[in-house]
> 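Just dropping this structure here.
A note on names: the letters A, B, ... follow the listed sequences, proteins ahead of strands, and every chain is numbered from 1.
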There are 2 protein chains.
Amino acid sequence: MSTPKTDARTRLLDAGMQLLRERGYDATRVEDLCSAAGVTKGAFFHHFASKADYGVAAAQHWTNITAPMFAAADYHAAPTPLARIFAYLDLRRAMIAGAPAQFSCVAGTMAQEVFETQPAIRDACGVSIAGHAATLEADFAAAIAEHGLGDVVEAADLALHTQVVLQGGYVVAKALDDTAAVVASIDHLRRYLMLLFKQEEKLQ
Amino acid sequence: MSTPKTDARTRLLDAGMQLLRERGYDATRVEDLCSAAGVTKGAFFHHFASKADYGVAAAQHWTNITAPMFAAADYHAAPTPLARIFAYLDLRRAMIAGAPAQFSCVAGTMAQEVFETQPAIRDACGVSIAGHAATLEADFAAAIAEHGLGDVVEAADLALHTQVVLQGGYVVAKALDDTAAVVASIDHLRRYLMLLFKQEEKLQ
DNA sequence: TCAAACATACCAACCAGTCGGTATCGAGTC
DNA sequence: GACTCGATACCGACTGGTTGGTATGTTTGA
């Protein structure tokens with residue numbers, strides 16, 4: 001890193017997105033983050049009061065990175081709410097490639113580990129996951145209204161359920177060392193929504 | 001612990017079931033396990049070559065505890081394969097109570113954290129999760145055959161999908177500090193299976 | 001010239017793992 | 001049935017490397 005493009009704080013947070021997903025919060029040492037970012041420990045503690053403080057910032061950084069990416073993604077261009085939801089699932093499915101550290105979720109990984117020991121980090125992870133789920137809510141609400149499913153399911157529940165399937169897929173993919181688990185579960189989720197919204201004709 | 005009922009090894013493993021789910025693998029210190037089990041570090045390293053060795057044993061112990069419990073559970077008494085599956089989901093739903101450390105999964109929690117740093121532990125966790133999923137496979141296979149869905153879904157995939165939903169529910173419940181997330185997702189999974197196996201009459 | 005942004009050296013606490021020791025018990029021996 | 005012997009179970013003080021965090025500079029930019 002001869003010529004740092006960005007400031008140390010951003011580089012530390014960027015480096016964390018990879019390391020935290022690989023090793024989790026506890027096993028990621030402050031010095032690991034520093035060397036990956038090409039800075040020293042002095043810089044780390046200049047920008048973050050503690051490792052826990054960094055954890056909170058990392059969860060927020062994860063949101064700051066992913067939110068604009070999803071907001072700018074193609075799937076919003078689909079013509080109907082339901083089409084947008086299926087296009088979203090197609091995107092999430094296509095994102096499953098390489099190692100789990102590449103496609104899994106920083107917030108989910110950290111939350112699972114520190115939910116009891118680091119409430120501040122857990123809350124930041126919760127905000128990240130809930131916030132992303134919320135971006136799906138309007139399309140689900142419109143699809144539910146369109147199909148008269150108002151007293152069968154709730155938009156917020158369905159939106160969160162998509163995240164549950166993704167997070168669970170990551171866990172199982174890691175445990176079985178096989179990405180097929182996530183992909184298969186996304187397909188099951190897709191089939192559920194197909195059936196629920198009575199799109200049988202699209203089921204192969 | 002004036003009169004230890006069981007040997008130190010078992011007490012250490014039993015203590016880990018709680019601590020590992022609360023704090024994860026890394027944040028659970030060997031001395032935490034020892035004091036929770038009422039033994040000393042000498043006893044720990046007498047029975048386990050290393051902390052990682054303990055992690056592998058803990059994943060196996062988790063299987064040893066849960067497998068007989070599920071094998072002996074009521075839901076196997078239901079009359080049809082599909083009824084048994086729904087009864088299984090009822091049981092899993094009823095098990096969601098108290099703190100995540102009470103109802104979540106030792107294997108899923110550990111695997112998420114150490115999948116890259118401790119392959120032996122990850123594999124043991126994978127065996128535990130896959131083994132439990134396998135216990136559902138026969139009923140799914142029978143239900144699929146009965147309903148002529150042989151070229152729509154596969155039993156193994158469906159069985160694993162139930163575990164994906166549960167594991168994901170635990171992650172989201174921890175992140176949002178709200179058990180409602182798991183329960184709602186189990187209900188979505190139940191509705192999926194209802195729709196898939198064309199049990200619409202049972203949908204409220 | 002002042003403050004923010006880094007760097008370097010250092011420390012105290014922690015923690016996995018070690019090592020010498022003791023307690024207990026069953027099998028053999030006479 | 002006392003006595004040794006060996007093996008297993010367990011104890012607890014100690015250690016050496018690690019790690020989060022600090023104290024004290026130095027550089028840079030406005």
> Between Ile121(A) (CD1) and dG20(D) (P), how many Å, whole number?
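Going from CD1 in Ile121(A) over to P in dG20(D) covers 12 Å.
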> I want to confirm an ordering. Mapping Asp26(A) and Gly42(B) to their closest nucleotides on DNA chain D, which one lands closer to the 5' end?
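With Asp26(A) and Gly42(B) compared, the 5'-side residue is Gly42(B).
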> Would you kindly say whether His61(B) and Asp14(B) are connected by a side-chain donor-acceptor distance under 3.5 Å?
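Result is yes, a qualifying pair exists.
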> In whole angstrom, give the distance that lies between atom OH of Tyr54(A) and atom P of dT19(D).
16 Å
> Expected output is a numbered-order residue list: members of residues 45-52 of chain B with a heavy atom under 4.0 Å from any atom of DNA chain C. What is it?
Phe45(B), Ser50(B), Lys51(B)
> Answer yes or no: is there an ion pair linking Glu116(A) with Arg23(B), defined by an N-O contact shorter than 4.0 Å?
no
> Restricting to ring-ring contact (aromatic ring centres under 6.0 Å, His included), what partner residues turn up for Tyr75(B), sequence neighbours left out?
Tyr88(B)
> Rounded to whole Å, please give me the gap between NZ in Lys41(B) and P in dC14(C).
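Roughly 12 Å, once rounded to whole Å.
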> Rounded to whole angstrom units, what separation is found between the CG atom of Leu33(B) and the C1' atom of dC15(C)?
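Rounding to the nearest Å, CG of Leu33(B) and C1' of dC15(C) are 13 Å apart.
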> I want to verify a distance call: between dT8(C), dA16(C), dC11(D), whose nearest atom is closest to the Thr40(A) side chain?
dT8(C)
> Please report the distance, rounded to the nearest Å, between CZ in Phe44(B) and C1' in dC11(D).
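The distance from CZ of Phe44(B) to C1' of dC11(D) comes to 15 Å, rounded to the nearest Å.
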> Grab the CG-P distance between Leu12(A) and dA5(C) for me, whole Å please.
13 Å
> Are Arg93(B) and Asp187(B) ion-paired here, with the side-chain N under 4.0 Å from a carboxylate O?
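So Arg93(B) pairs with Asp187(B) through a salt bridge.
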> Report yes or no: is the cationic atom of Lys51(B) (NZ for Lys, CZ for Arg) under 6.0 Å from the centre of the six-membered ring of Phe45(B), at an angle within 45° of the ring normal?
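No, Lys51(B) does not lie over the aromatic ring of Phe45(B).
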> Atom CZ of Arg29(B) and atom P of dT18(D): how far apart are they, to the nearest Å?
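One finds 16 Å between P of dT18(D) and CZ of Arg29(B), rounded.
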> Side chains of Asp7(A) and Thr10(A): any donor to acceptor distance under 3.5 Å?
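There is such a pair (donor and acceptor under 3.5 Å, judged by atom type) between the side chains of Thr10(A) and Asp7(A).
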> Is there a side-chain contact between Val165(B) and Ser185(B), using heavy atoms and a 4.5 Å cut-off?
yes
> For DNA chain C, what string of dots and brackets results from 5' to 3' when Watson-Crick and G-U pairs need both distances under 3.5 Å, crossing pairs get [ ], and pairs with another strand get |?
||||||||||||||||||||||||||||||
> Exactly one of Gln167(B), Glu113(B), Lys174(B) should register a side-chain hydrogen bond (donor to acceptor under 3.5 Å, both in side chains) with Gln112(A). Which one does?
Lys174(B)
> With nearest nucleotides of DNA chain C determined for Glu31(B) and Arg9(A) from heavy-atom distances, which residue corresponds to the more 5′ nucleotide?
Arg9(A)
> Going from CG on Leu33(A) to CG on Leu12(A), what distance comes out if it is rounded to the nearest 0.5 angstrom?
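Output value for this atom pair is 6.5 Å.
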> Provide, to the nearest angstrom, the distance between the CG atom belonging to Asp53(A) and the P atom belonging to dT22(D).
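That distance rounds to 12 Å.
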